[in-house]
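Both counts, for ligands and for their atoms, begin at 1 and track the order of listing. In this chain, residues are counted from 1 in sequence order.
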Amino acid sequence: MSAVNNLFVLYTGGTIGMLQTAQGLAPAGGFETRMREHLASAGKPAPQFVFQEMLPLLDSANMTQAQWLAMRDEIVAAVVEGGHDAVLLLHGTDTLAYSAAALSFLLLGLDVPVVLTGAMLPAGCDGSDAWPNLCGALAALQSGVEPGVHLYFNGGLMHGARVSKLRSDAFDAFTVLPRQRSGERADALPALLGFNTRRVPVNLAVLPLFPGLQAGHVQALLDSGVQGLLLECYGSGTGPSDNAELLAVLKAAHQRGVVLAAISQCPAGHVEFGVYAAGSQLAASGLVSAGGMTREAALAKLFALIGAGLAPADVERWFALDLCGERAE
Ligand code: ASP
């Protein structure tokens with residue numbers, strides 16, 4: 001880990017640079033000037049940086065897979081063609097954990113640190129966390145951060161593929177959930193999973209199981225052309241296993257090549273299908289376990305694998321292995 005000499009700052013929008021409008025807070029340009037003025041007036045040592053806006057600036061509630069791919073493209077171009085040795089990504093907090101997870105998989109093998117940050121209150125507001133988060137991220141980069149994707153927030157550096165936003169009303173909005181980490185680490189990643197691989201958008205859906213879920217609900221979702229379905233199961237990976245119709249719908253989808261993955265809906269849970277017969281029966285319908293992965297990481301990983309054009313059986317194989325610390329220590 002070496003200190004940063006040539007930083008690339010990519011600003012995508014978010015509260016950190018928002019200004020008040022008649023409709024409420026909205027993304028605003030001109031953040032580079034504000035950032036440079038703040039760093040100069042605060043006398044903070046900062047690495048030399050190039051600043052770029054990713055247009056249109058967004059409230060991160062509007063992020064889609066297309067923006068994940070656009071961020072990946074900007075970052076890869078800045079590092080590979082522009083020679084930058086680190087990246088700071090400014091992003092709204094609402095979907096920051098999803099983007100951090102997506103970039104963790106889309107940038108596999110890129111040998112520079114990528115640090116995301118944002119803020120709960122806009123820069124310039126009384127008591128805002130914007131400058132502390134931004135300056136803290138810069139300081140972390142200057143003292144050396146490992147290659148890979150990270151989130152710097154509220155004084156801490158966190159793993160990009162493990163964070164979740166758990167609070168909308170406090171500065172400690174992000175947490176690494178206490179989920180069991182286990183699983184085999186993929187020893188060599190094929191080139192197809194590396195940052196050079198182009199991805200195409202994928203039709204993905206996430207569905208929490210709930211008492212009363214009907215086979216028809218799931219069928220309707222699958223009929224929309226879903227290529228990968230992430231089921232948020234109960235506890236250790238159970239579901240309504242007495243519902244033969246529901247299991248048949250899942251099984252038929254799996255046989256058609258839809259990838260079915262399971263996470264636990266318990267914040268501190270992980271999937272272990274064999275603990276209950278209700279879990280084993282669900283697994284027999286073709287579900288692959290996400291272990292202790294978060295929803296954000298599991299969704300992003302499905303996107304990275306299916307979007308790379310892998311066959312369903314290969315998606316399932318790589319999904320079950322740890323690629324960057326998302327499911328194992
Ligand atoms: N809605 C904002 C966003 O995600 C919230 C924030 O940045 O804190 O862009």
Trainee: Quick one: which ligand 1 atoms are inside 4.0 Å of a heavy atom on Ala119?
Mentor: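 Once the distances to Ala119 are compared, the set is 6 (C), 7 (O), 8 (O).
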
Trainee: Passes side-chain contact (heavy atoms from CB on, under 4.5 Å), Glu74 versus Met54? Steps please.
Mentor: CA-CA 8 Å; Glu74 298 285 4; Met54 199 177 93; 4.3 Å; yes

Trainee: Can a cation-pi geometry be assigned to Arg199 and Phe105, taking NZ or CZ under 6.0 Å from the six-membered ring centre and within 45° of the ring axis?
Mentor: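 Checked: cation-pi criterion not met.
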
Trainee: For atom 5 (C) of ligand 1, find the nearest protein heavy atom and state the residue, atom name and distance (0.1 Å precision).
Mentor: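 Its nearest protein heavy-atom neighbour is Thr15 OG1, 3.2 Å.
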
Trainee: Which protein heavy atom lies closest to atom 3 (C) of ligand 1, and at what distance to 0.1 Å?
Mentor: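 In this structure, atom 3 (C) of ligand 1 has Asp59 OD1, 3.2 Å as its nearest protein heavy atom.
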
Trainee: Do any N/O atoms on Ile16 end up under 3.5 angstrom from N/O atoms on ligand 1?
Mentor: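 Not met; the criterion fails.
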
Trainee: For Met18, take its heavy atoms, then give the atoms of ligand 1 lying under 4.0 Å from any of them.
Mentor: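 Per the distance check, 9 (O).
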
Trainee: Could you pull out, from Asp94, Leu25, Leu121, the option with a heavy atom nearest to atom 1 (N) of ligand 1?
Mentor: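 Nearest option to atom 1 (N) of ligand 1, by heavy atoms: Asp94.
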
Trainee: Does Pro27 approach ligand 1 within less than 4.0 angstrom via side chain, backbone, both or neither, non-hydrogen atoms only?
Mentor: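 Within the 4.0 Å criterion, Pro27 makes no contact with ligand 1.
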
Trainee: Is the number of heavy atoms from other residues, nucleotides or ligands within 6.0 Å of CD (Glu245) greater than 12?
Mentor: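 For Glu245, atom CD is not crowded (no more than 12 foreign heavy atoms under 6.0 Å).
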
Trainee: In the protein, which heavy atom is nearest to atom 8 (O) of ligand 1, and how far is it?
Mentor: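 Ranking protein heavy atoms by distance from atom 8 (O) of ligand 1, first comes Thr93 OG1, 2.5 Å.
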
Trainee: Please check if the number of heavy atoms outside Asp169 that lie under 6.0 Å from its CG is greater than 12.
Mentor: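 Correct, the count exceeds 12.
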
Trainee: Using the six-membered ring wherever Trp is involved, compare the ring planes of Phe303 and Trp68 and label them parallel, tilted or perpendicular (cut-offs 30° and 60°).
Mentor: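 The arrangement is perpendicular - the two ring planes meet at more than 60°.
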
Trainee: Regarding ligand 1, does Lys165 bring an N or O atom to under 3.5 Å of one of the ligand's N or O atoms?
Mentor: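 Between Lys165 and ligand 1, no N or O pair is found under 3.5 Å apart.
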
Trainee: Counting each atom of ligand 1 from 1 as listed, which ones have a heavy atom of Gly14 under 4.0 Å away?
Mentor: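 Once the distances to Gly14 are compared, the set is 7 (O), 9 (O).
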
Trainee: Looking at Thr175, Thr95, Thr93, which one forms a side chain to side chain donor-acceptor pair (under 3.5 Å) with Lys165?
Mentor: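 Looking at Thr175, Thr95, Thr93, the match for Lys165 under the side chain to side chain donor-acceptor pair (under 3.5 Å) is Thr93.
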
Trainee: Is a side-chain N or O of Tyr152 found less than 3.5 angstrom from the main chain of Leu138, in a donor-acceptor match?
Mentor: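 A pair under 3.5 Å: no.
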
Trainee: Polar contacts were defined as any N/O atom of the residue lying under 3.5 Å from an N/O atom of the ligand; does this apply to His91 and ligand 1?
Mentor: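 In this structure, His91 places no N or O atom under 3.5 Å from an N or O of ligand 1.
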
Trainee: Say whether Ser60, considering both its backbone and side-chain N or O atoms, lies within less than 3.5 Å of an N or O atom on ligand 1.
Mentor: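 N/O-N/O distance below 3.5 Å exists for this pair.
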
Trainee: Minimum heavy-atom separation for Leu230 to Arg295, with atom names?
Mentor: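 Minimum heavy-atom contact is CD2-O, 3.8 Å.
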
